[in-house]
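Here's the structure we're looking at; comments come further down.
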Amino acid sequence: MTVEAARRIPVMLPALGEEEALAAADAVRSGWVAQGPRVAAFEAAFAASVGAAHGVAVSSCTTALHLALVAVGVEPGDEVIVPSLSFIATANAVRYVGARPVFADVDVATGNVTVATLDAARTPRTRAIIAVHQGGVPAEVSALRTAADRWGVSLIEDAACAAGSMVNGGPVGAGALLAAWSFHPRKLLTTGEGGMITTDNADWAARLRRLREHGMNVSAADRHASTQPILEAYLETGYNYRMTDIQAAIGLVQLAKLSDIVAQRRSLAARYHELMADVPGALAVRDPAHGRTNFQTFWVLLSDEFGVGRDETLAALAAAGVSARRGIMASHLEPAYANVDPAPLPVTERITRDSLVLPLHHALTEDDQDHIVGTLRALARR
Ligand SMILES: *Cc1c(COP(=O)(O)O)cnc(C)c1O
């Protein structure tokens, strides 16, 4: 076997180290492994890092989106506008509350919904919008928030991919009605599985804490800590969407590393941009005018000028030992949404058909990048 053939460059690697392992072990040794003091500390630290007053940790971004929709009062029969171009959990959460997802198209440069694409999907039944900060690229929230206020609908932000991204001069999440975050290993900050809802609204935060814990009026941690017997009440139908203290212990370590992780990704992305300058028809994701991406997902949109189709490009990269991936999925093209007949979504369909995700992670070397872009360059010149 040649050295070239043995090369394997993963598309993504979680930046986990010995510190995270020790923090998890500490939580186990403490004897408190379910939601407790470490979850509370992680909530406070994470909320502060994104400029929000409250953080409510949950089991995933999917459950965070579900509870956010409950908090704003979305009900069966309502419509919620979501981009089709997103991980399918964004649309699924709408179905969890019995509402109907209505798909909006996106901007070709950012992959995000805009005021115009949302307006085209609006009807008298529209109750809420979930705007996604796709792949970490911030949506233009100042414009979206103004429009949502004018239309009288609630704007929820799916910030699953956007920890460490900036928009309008502040962190993504600052000023959001409700933002939902993911700590899945595919994202930049991971707790294995896990999520968070951030908000400035204290009443919603209190209700979200109840909803994630069976609707109880007192948390299990508070009950445990009390010297007096506390009889809890169950105020409404809740869920078990809790995060564990083992996860939160890992999250606290990851959060402290986040700005370094983002800085390193941004410099690797800048180097990709330089290397790709002479690859025709391969348009890599960049910072939008209104913010800075964390480059969680380094996607490249191929045009006719590139000369080779996306799937063939993925196969050529795989043969060269590079594990790239298809670009962001389009939910409306999946069997689960076959019964939805959306208005035309030409940009969504183009991006999902013609884009791919290149490897970007903390262990990626300059040599790896040269090899990856060299493979693309050779394909484009063929
Ligand atoms: C990953 C992702 C989710 C789901 O996050 P989980 O924590 O795995 O539930 C939701 N929305 C978007 C945009 C995502 O990328």
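Read the numbers this way: they start at 1 and go in the same order the structure lists the ligands and their atoms. For the numbers below, each heavy atom of this structure counts, side chains included, while hydrogens, waters and symmetry mates do not. Quantities reported herein were computed from a predicted structural model and do not represent experimental measurements.
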Quiz item: Of all the heavy atoms in R186, does at least one lie under 4.0 Å from an atom in ligand 1?
Solution: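 The answer is no, since R186 has no heavy atom less than 4.0 Å from ligand 1.
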
What protein heavy atom lies closest to [atom]? Include the residue and the distance to one decimal.
| atom | value |
| --- | --- |
| atom 14 (C) of ligand 1 | K187 NZ, 3.0 Å |
| atom 9 (O) of ligand 1 | T62 OG1, 2.5 Å |
| atom 7 (O) of ligand 1 | S182 OG, 2.7 Å |

Practice problem: Could you tell me if the ring centre of W32 sits under 6.0 Å from that of H224? | Solution: yes

Quiz item: With a 6.0 Å cut-off on ring centres, are F298 and H273 close enough?
Solution: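 For F298 and H273, the ring centres are under 6.0 Å apart.
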
Closer than 4.0 Å to some heavy atom of [X] - which atoms of ligand 1 meet that?
| X | result |
| --- | --- |
| V132 | 13 (C) |
| C161 | 15 (O) |
| S86 | 13 (C) |
| T90 | 11 (N) |

Quiz item: Can a cation-pi geometry be assigned to R186 and F87, taking NZ or CZ under 6.0 Å from the six-membered ring centre and within 45° of the ring axis?
Solution: no

Self-check item: Enclosure of N240 CG (heavy-atom neighbours >12, cutoff 6.0 Å)
Solution: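 Atom CG in N240 is crowded, with more than 12 foreign heavy atoms closer than 6.0 Å.
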
Quiz item: If you measure every N/O of A160 against every N/O of ligand 1, is any gap under 3.5 Å?
Solution: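 By distance alone, the answer is no.
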
Quiz item: Where's the contact between S60 and ligand 1, heavy-atom distance under 4.0 Å: side chain, backbone, both or neither?
Solution: both

Quiz item: Can you tell which of T190, V82, L85, D158 gets a heavy atom nearest to atom 10 (C) of ligand 1?
Solution: D158

Quiz item: Of the options V102, I156, L118, V82, which is the one that meets I129 in a side chain to side chain contact (heavy atoms under 4.5 Å, CB included)?
Solution: L118

Quiz item: In terms of the angle between their ring planes, are Y239 and Y241 parallel, tilted or perpendicular, with boundaries placed at 30° and 60°?
Solution: parallel

Practice problem: Indicate the ring-plane relationship of H332 and F103, choosing parallel, tilted or perpendicular according to the 30° and 60° boundaries. | Solution: tilted

Quiz item: If you take all heavy atoms of A282 and V300, which pair is closest and at what distance?
Solution: CB-CG1, 3.8 Å

